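Computation of the quantities below employed the complete heavy-atom set of this structure, encompassing side-chain atoms and omitting hydrogens, waters and symmetry-equivalent molecules. Naming: A, B, ... by sequence-line order, numbering from 1 per chain. As the structure is a computational prediction, the values presented were derived from the model and not from experiment.
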Amino acid sequence: MDSYQTPWCIILCLMECSRRGKLRKHVNCLRKWFRMGLEPLAGRYNILIDGLFRNGRAEAGYTLFCDLKKKGQFVDAITFSIVVLQLCREGHLEEALQLVEEMEGRGYVVDLVTITSLLIGFHKHGRWDWTERLMKHIRDVNLVPNVLKWKAEMEVSMKRKSKKKDYTPMFPTKDIREIMNLMGSTDSEMDTNLGSEDDRVKDEENPPSDIDQWSSSPYMDKLANQVNSDDHSSQLFSLSRGQRVQEKGMDSFDIDMINTFLSIFLAKGKLNLACKLFEIFSDMGVNPVSYTYNSMMSSFVKKGYFNQAWGILSEMGENVCPADIATYNVIIQGLGKMGRADLASSVLDKLMKQGGYLDVVMYNTLINALGKAGRIDEANNLFEQMRASGINPDVVTFNTLIEVHSKAGRLKKAYKFLKMMLDSGCSPNHVTDTTLDFLGREIEKLRYQKASIMPNKDGSS
DNA sequence: GTAGGGTTAG
């Protein structure tokens with residue numbers, strides 16, 4: 001279909017990103033299109049297809065893929081990989097395998113990323129036994145067995161660590177002031193905010209002489225020393241040589257691979273396994289990236305293990321990406337849950353000064369933290385600021401606002417947000433249902449109260 | 001350009 005070759009598809013994609021408030025994706029997408037010019041090459045369609053999948057337009061993505069495939073010249077191995085991933089996400093494992101077969105048939109290399117997508121899909125949907133079937137399809141006979149071997153060895157290493165009990169503090173405990181120091185905030189405003197609650201300003205103790213004074217991570221040094229003394233696990237599988245290669249084969253068993261497996265543990269709530277994995281690759285000198293830290297932190301914060309979460313933050317040290325919005329989001333979420341939503345604005349200032357920006361997720365987190373802390377007006381102000389800056393509220397925003405106002409007894413306002421949500425074409429979800437149940441009960445309660453007060457006042461029913 | 005991270009209830 002010719003329409004796919006017109007700039008309309010580009011505009012559509014950008015509109016999708018924009019509509020959902022994915023400003024960062026939106027901007028990245030724009031940059032990519034510009035960088036690539038306007039030739040109809042596979043790479044550009046890959047971005048478009050991926051964008052459609054990620055923005056709830058799977059059908060459009062599949063249709064586009066099929067049309068392009070018929071034409072032949074606009075698809076490549078990555079296109080297939082993207083579609084295989086989407087099929088896995090949706091649990092269409094049979095179709096995913098068929099597509100892999102077709103890939104091989106057409107001579108495209110099935111690489112590590114594709115394999116990993118499939119294995120995660122199998123794992124999620126309880127079809128681990130399908131790996132056998134997968135192997136039959138892949139021309140590179142060693143790739144799947146190597147992944148499985150890597151996984152098995154990783155699990156053996158983790159068993160060795162099992163003497164430790166769950167959630168042992170891997171990291172030193174930090175207090176709020178230290179957290180703020182980690183964020184590099186030296187503002188006087190911060191000191192005012194912190195007030196007298198935290199007067200014992202602890203300077204970092206001088207590190208023991210056997211630790212490199214210049215190291216950004218004394219904890220890593222400690223681990224490194226441990227590795228030197230005992231431990232044979234570092235020979236089990238080699239990660240340090242992991243380098244990006246054109247077609248991702250065995251050389252790509254790197255931090256990306258670890259992040260992938262880490263996310264499986266975290267998704268299942270197995271924080272202890274995730275910690276062990278973290279320790280193992282730390283032992284081996286593999287450097288975690290923001291992605292890794294953010295996933296771990298988020299899981300800890302969700303469970304209320306704030307010390308561990310802040311410990312990770314301190315572990316990141318200088319490696320904190322100064323404008324990583326996901327990191328900041330976790331911090332604000334954590335502060336909110338610790339009852340220190342009042343510190344959010346200071347953290348935000350820091351983010352903005354470093355060139356960061358707020359997206360829909362960040363606004364939702366902030367509105368939630370402020371609302372739960374009873375700072376309803378501030379939450380409302382943020383909502384206005386959000387809309388003024390061109391970010392459309394989504395279902396999470398509205399759910400949060402409805403809940404916060406309901407619980408604060410501002411039922412009319414809560415109802416107003418419900419109406420606003422429906423008027424803007426935003427579909428409610430299962431969380432909305434639960435929240436509305438609560439709102440409904442509150443409204444009933446109020447009616448009942450009024451009804452029982454009225455007769456006493458004027459004698460009528 | 002493809003795996004993997006950040007938000008809402010109960």
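- Of the candidate nucleotides dT2(B), dT7(B), dG6(B), dT7(B) has the atom lying nearest to any side-chain atom of Thr365(A).
- The side chain of Thr114(A) lies closest to dT2(B) when the candidates are dT2(B), dA3(B), dA9(B).
- Put simply, the side chain of Asp76(A) and the base of dG1(B) share a donor and an acceptor less than 3.5 Å apart.
- For the pair Lys151(A) and Glu155(A), the salt-bridge criterion is met [side-chain N within less than 4.0 Å of a carboxylate O].
- Across all strands shown, Asp437(A) has no heavy atoms under 4.0 Å from either base or sugar-phosphate atoms.
- OP1 or OP2 of dT8(B) sits under 4.0 Å from a side-chain N or O of Gln333(A).
- Between Asn294(A) atom CG and dG4(B) atom P there is a gap of 15 Å when expressed in whole angstrom units.
- The residues Asp423(A) and Lys416(A) are annotated as not salt-bridged, no charged nitrogen and carboxylate oxygen being separated by less than 4.0 angstrom.
- Judged by distance alone with a 3.5 Å cut-off, no donor-acceptor contact links the side chain of Ser117(A) to the base of dA3(B).
- Between His123(A) and Trp128(A), the two ring planes are perpendicular [angle over 60°; tilted spans 30° to 60°].
- When rounded to the nearest whole Å, the span between OH of Tyr45(A) and P of dT2(B) equals 18 Å.
- For the pair Asn368(A) CG and dG10(B) C1', the interatomic distance rounds to 14 Å; values are reported in whole Å.
- Residue Leu85(A) is classed as a sugar-phosphate contact, given heavy-atom separations below 4.0 Å to backbone atoms only.
- Nearest to the side chain of Val396(A), among dT8(B), dG5(B), dA3(B), sits dT8(B).
- Across dG6(B), dA3(B), dT2(B), the shortest atom-to-atom separation from the side chain of Thr260(A) is found for dA3(B).
- Look at CG on Leu119(A): it is 19 Å from P on dT2(B), rounded to the nearest Å.
- Rounded to whole angstrom, the span from the CD atom of Glu315(A) across to the P atom of dG5(B) amounts to 21 Å.
- For the side-chain hydrogen bond (donor to acceptor under 3.5 Å, both in side chains) test, no residue two or more places apart in sequence or in another chain qualifies with Thr400(A).
- Residue Thr434(A) is classed as a base contact, given a heavy-atom separation below 4.0 Å to a base.
- The side chain of Thr116(A) sits closest to dA3(B) out of dA3(B), dA9(B), dG6(B).
- In the set dG6(B), dG5(B), dT7(B), dG6(B) carries the atom at the smallest distance from any side-chain atom of Asp359(A).
- Regarding Ile402(A), its CD1 atom lies at a distance of 16 Å from the P atom of dT8(B), rounded to whole Å.
- When distances run from any side-chain atom of His430(A) to the nucleotides dT7(B), dG4(B), dA9(B), the shortest one goes to dA9(B).
- Here dA9(B) presents its C1' atom at 6 Å from CD of Glu403(A), a figure rounded to the nearest Å.
- Side-chain N/O atoms of Arg54(A) include one lying less than 4.0 angstrom from OP1 or OP2 on dA3(B).
- For Lys407(A), the side-chain hydrogen bond (donor to acceptor under 3.5 Å, both in side chains) partners two or more places apart in sequence, or in a different chain, are Glu403(A).
- One atom, CE of Met316(A), and another, C1' of dG6(B), lie 12 Å apart when rounded to the nearest Å.
- Across all strands shown, Ser81(A) has heavy atoms under 4.0 Å from base atoms, whether or not it also approaches the sugar-phosphate.
- With dA3(B), dG5(B), dT8(B) as the choices, the nucleotide that has an atom nearest any side-chain atom of Ser263(A) turns out to be dG5(B).
- Here Lys407(A) does not reach the OP1 or OP2 of dA9(B): none of its side-chain N or O atoms lies under 4.0 Å away.
- Taking the six-membered ring for Trp and the full ring otherwise, Tyr363(A) and Phe383(A) have centroids separated by 6.0 Å or more.
- For a distance-only test at 3.5 Å, the side chain of Asn329(A) fails to qualify as a donor-acceptor partner of the base of dG5(B).
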